[in-house]
There are 2 protein chains.
Amino acid sequence: MSSFKQIVELIADDLTAVEAKLTEQTASEYSFVDMAVQHVVEGGGKRLRPILVVLSAKVCGYEGSDAHTLAAVVELIHVASLVHDDVLDEAAIRRGRETLQTKWGNKVAVLVGDYLHARVLSMLVARRADDPAMAILADTTQAMCEGEVIHAYKSGDFDISEDEYLKIISFKTGKLIAASCTLGAHLGTTDKQRLEALTTYGQQIGTAFQIVDDVLDFTEDTDKLGKNTFGDLREGKLTFPIIYARSVCNDNEKQTLEKVLNPNTDEAEAIAFVEALFQRYGVEAHCLKVAQNYADRAKAALTVLPEIPARVALEQLADYVVSRES
Amino acid sequence: MSSFKQIVELIADDLTAVEAKLTEQTASEYSFVDMAVQHVVEGGGKRLRPILVVLSAKVCGYEGSDAHTLAAVVELIHVASLVHDDVLDEAAIRRGRETLQTKWGNKVAVLVGDYLHARVLSMLVARRADDPAMAILADTTQAMCEGEVIHAYKSGDFDISEDEYLKIISFKTGKLIAASCTLGAHLGTTDKQRLEALTTYGQQIGTAFQIVDDVLDFTEDTDKLGKNTFGDLREGKLTFPIIYARSVCNDNEKQTLEKVLNPNTDEAEAIAFVEALFQRYGVEAHCLKVAQNYADRAKAALTVLPEIPARVALEQLADYVVSRES
């Protein structure tokens with residue numbers, strides 16, 4: 001059995017409770033809204049963020065239903081961001097299913113994303129007044145938007161450095177993954193060292209996760225990904241593998257690479273050039289090594305926590321983030 | 001001097017403080033985000049919702065800076081919804097300025113809307129733990145999205161009744177206008193009768209406001225509106241005047257009307273037909289009469305409140321909502 005399946009099995013009851021919360025907390029009196037929301041919420045996905053909330057709570061000694069509510073909250077924020085991304089990337093499929101805008105148009109899709117955010121706010125309001133979750137998530141959603149705006153704004157800017165890109169993805173992806181861990185930890189502990197350990201763990205695997213996501217866009221086939229391979233490339237998005245390749249290739253290749261990232265270039269030609277370039281400079285292996293370094297730092301942060309099954313699961317999860325195939 | 005100018009003059013200091021909050025509370029460490037946000041936040045607009053917060057607070061005896069924060073909050077929610085609407089309506093201008101997607105593309109525009117929502121959450125988090133604002137606004141933003149989703153979903157459905165439409169606009173537009181009044185009132189009173197009076201006032205002028213908005217789309221010229229006249233019509237949006245016209249015209253006209261709402265119909269032809277139809281059945285006058293009825297009910301709700309300048313201003317505002325030309 002894969003390590004990911006083992007982790008899911010360890011917390012199967014919790015994940016069932018999270019799914020129930022997701023359905024219950026997004027219900028609308030309008031059946032159409034219900035249907036559209038369920039289409040995206042049930043769209044599969046690995047539920048990485050809920051798993052992190054539950055495991056972070058457990059490793060800090062908390063077992064209870066508050067973890068399921070917060071797990072649903074972070075998943076809904078994540079789903080809302082995917083729904084908006086799909087509109088803007090004009091994606092036709094996501095996780096092997098038609099996207100909302102394919103089924104019902106752009107307007108419905110943007111508004112369903114907004115609706116999910118509104119439900120998140122309702123869920124947070126219903127909690128304790130002294131709950132740190134709201135402040136953590138206010139900060140997180142703001143950073144996610146800033147990261148996304150800057151990434152969108154910088155698209156087409158070839159001079160983006162590895163450091164700039166890493167900062168953008170720490171905002172875009174890392175913040176919500178780190179918040180998932182911090183929120184779970186807060187349920188079980190007020191110990192600063194443990195809280196910081198789990199936040200650091202989340203930040204590191206968040207960066208690893210996004211780098212691997214970037215790599216999979218080039219290496220996995222559409223069936224496994226549940227979305228189109230080379231999607232980022234065809235949208236002219238600069239991602240980690242391209243930024244690295246650009247930093248090591250020669251001036252001629254650099255010029256061709258810029259041409260290839262222009263969506264007007266013939267697609268087959270663009271893909272063939274990039275594949276050859278990546279082969280030549282070992283780009284995939286390099287990126288996965290960088291991602292593994294982040295995963296290793298994530299695991300190292302966990303040493304202040306007790307060696308119980310939840311900690312082992314978090315360690316396995318860090319490696320899974322790098323070794324996954326979709 | 002127009003009654004609207006008088007109202008603005010009465011609370012000029014408050015409105016200056018609200019503008020300062022709007023700038024201060026949307027600041028980002030990324031200068032590009034800052035610039036994009038300021039472009040929409042400074043885009044003018046009548047600041048109807050902030051005015052309602054301030055006047056509702058004053059009529060309930062409150063004078064203080066909390067009203068400015070809540071006024072900024074409701075205005076940002078409103079601006080965020082406009083930014084998303086513009087993306088989906090593919091609007092090129094709003095309030096006489098280029099829209100975000102015209103300047104920087106769809107992606108930036110959707111994300112700036114999301115960013116404004118995130119900032120709203122931050123502003124609410126920073127307030128008192130026992131603050132009712134968060135719960136009111138969670139409910140409000142959810143209803144706004146539901147109303148918008150249903151309106152988008154129903155576009156092209158000619159059988160929508162006046163009642164169904166009025167329910168949709170009470171969600172889409174009325175809820176936030178009502179919330180502006182309720183939030184202001186909460187600052188000054190816990191008296192149930194007064195709170196309900198201001199909520200009712202807000203709901204009624206909200207409906208009046210949207211009906212007049214619908215009418216202005218057909219009757220005002222582009223310069224005054226700051227957006228394209230007949231915009232709703234050309235998007236095939238069913239609005240109040242069309243729903244009323246459809247309910248009184250004959251079968252032949254009904255069939256032509258459905259053709260005209262199809263964006264493939266020649267624009268000049270569509271406009272000429274609708275203008276003649278509206279003339280024939282006195283559609284504009286009827287709609288404005290309906291709107292005035294809502295405004296009158298709004299004013300009637302205020303009788304439980306003391307007859308101080310803030311109440312007079314709210315009464316004048318109800319009439320202004322119907323008589324305005326943009």
Side-chain angles (χ1 to χ4, degrees), chain A residues 28-30 32-33 35-37 80-81 84-85 87-90 104-126 128-155 168 171 235, chain B residues 28-30 32-33 35-37 80-81 84-85 87-90 104-126 128-155 168 171 235:
Chain A
S28 165
E29 62 163 306
Y30 286 106
F32 173 71
V33 176
M35 180 173 60
V37 166
S81 78
H84 281 182
D85 278 354
V87 172
L88 300 165
D89 297 345
E90 296 173 17
W104 295 294
N106 272 351
K107 186 134 194 164
V108 166
V110 169
L111 293 169
V112 166
D114 289 350
Y115 175 78
L116 292 174
H117 279 298
R119 294 308 304 244
V120 163
L121 185 54
S122 299
M123 290 170 79
L124 292 173
V125 165
R128 298 180 310 270
D130 63 340
D131 182 19
M134 189 108 59
I136 292 168
L137 288 169
D139 178 58
T140 300
T141 50
Q142 181 179 324
M144 285 172 74
C145 293
E146 288 177 311
E148 294 241 37
V149 175
I150 295 302
H151 200 198
Y153 177 58
K154 289 261 180 185
S155 88
I168 289 172
F171 271 49
E235 284 160 32
Chain B
S28 165
E29 63 163 304
Y30 286 106
F32 173 71
V33 175
M35 178 174 60
V37 166
S81 78
H84 281 183
D85 278 356
V87 173
L88 301 163
D89 297 346
E90 297 172 15
W104 295 293
N106 273 349
K107 187 133 195 165
V108 166
V110 169
L111 293 168
V112 165
D114 290 351
Y115 175 77
L116 292 175
H117 279 300
R119 295 308 303 245
V120 163
L121 185 54
S122 298
M123 288 170 80
L124 292 172
V125 165
R128 299 180 309 269
D130 64 341
D131 181 20
M134 188 109 57
I136 292 168
L137 288 169
D139 179 57
T140 300
T141 50
Q142 181 179 324
M144 285 172 74
C145 293
E146 287 178 311
E148 293 241 36
V149 176
I150 295 303
H151 201 198
Y153 176 60
K154 290 262 179 184
S155 88
I168 288 172
F171 272 49
E235 283 162 33

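Below, chain A is the first sequence line, B the second, and so on; all start at residue 1. Quantities reported herein were computed from a predicted structural model and do not represent experimental measurements.
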Original post:
For B:H117, what residues pass the side chain to side chain contact (heavy atoms under 4.5 Å, CB included) criterion, not counting sequence neighbours?
Top reply: B:I77, B:A80
**OP:** Could you look at A:Y115 and say if it's the side chain, the backbone, both or neither that has a heavy atom under 4.5 Å from chain B?
**Re:** both
Original post:
Among B:T140, B:V120, B:L116, B:T141, which has the most heavy-atom pairs under 4.5 Å with chain A?
Top reply: B:T141
Original post:
Quick one: of A:A118, A:A109, A:A138, A:A143, who has the most non-hydrogen atom pairs under 4.5 Å with chain B?
Top reply: A:A138
Original post:
Picking from A:M144, A:Q142, A:E148, A:H84, what satisfies side-chain contact (heavy atoms from CB on, under 4.5 Å) with B:D114?
Top reply: A:H84
Original post:
In terms of heavy-atom pairs under 4.5 Å with chain A, which of B:M123, B:H151, B:E146 leads?
Top reply: B:E146
**OP:** Kindly compute the distance separating CG (B:D85) from CG (A:L111), expressed to the nearest 0.5 Å.
**Re:** 7.0 Å
Original post:
If you count heavy-atom pairs under 4.5 Å between each of A:D139, A:V108, A:V125, A:V33 and chain B, which one has the most?
Top reply: A:V125
**OP:** Tell me, please, which residues at least two apart from A:S81 pass side chain to side chain donor-acceptor pair (under 3.5 Å).
**Re:** none
**OP:** Take B:Y30 and A:V149 through the side-chain contact (heavy atoms from CB on, under 4.5 Å) test and state the conclusion after the steps.
**Re:** CA-CA 10 Å; B:Y30 286 106; A:V149 175; over 6 Å; no
Original post:
Going from CD on A:E29 to CD1 on B:I150, what distance comes out if it is rounded to the nearest 0.5 angstrom?
Top reply: 9.0 Å
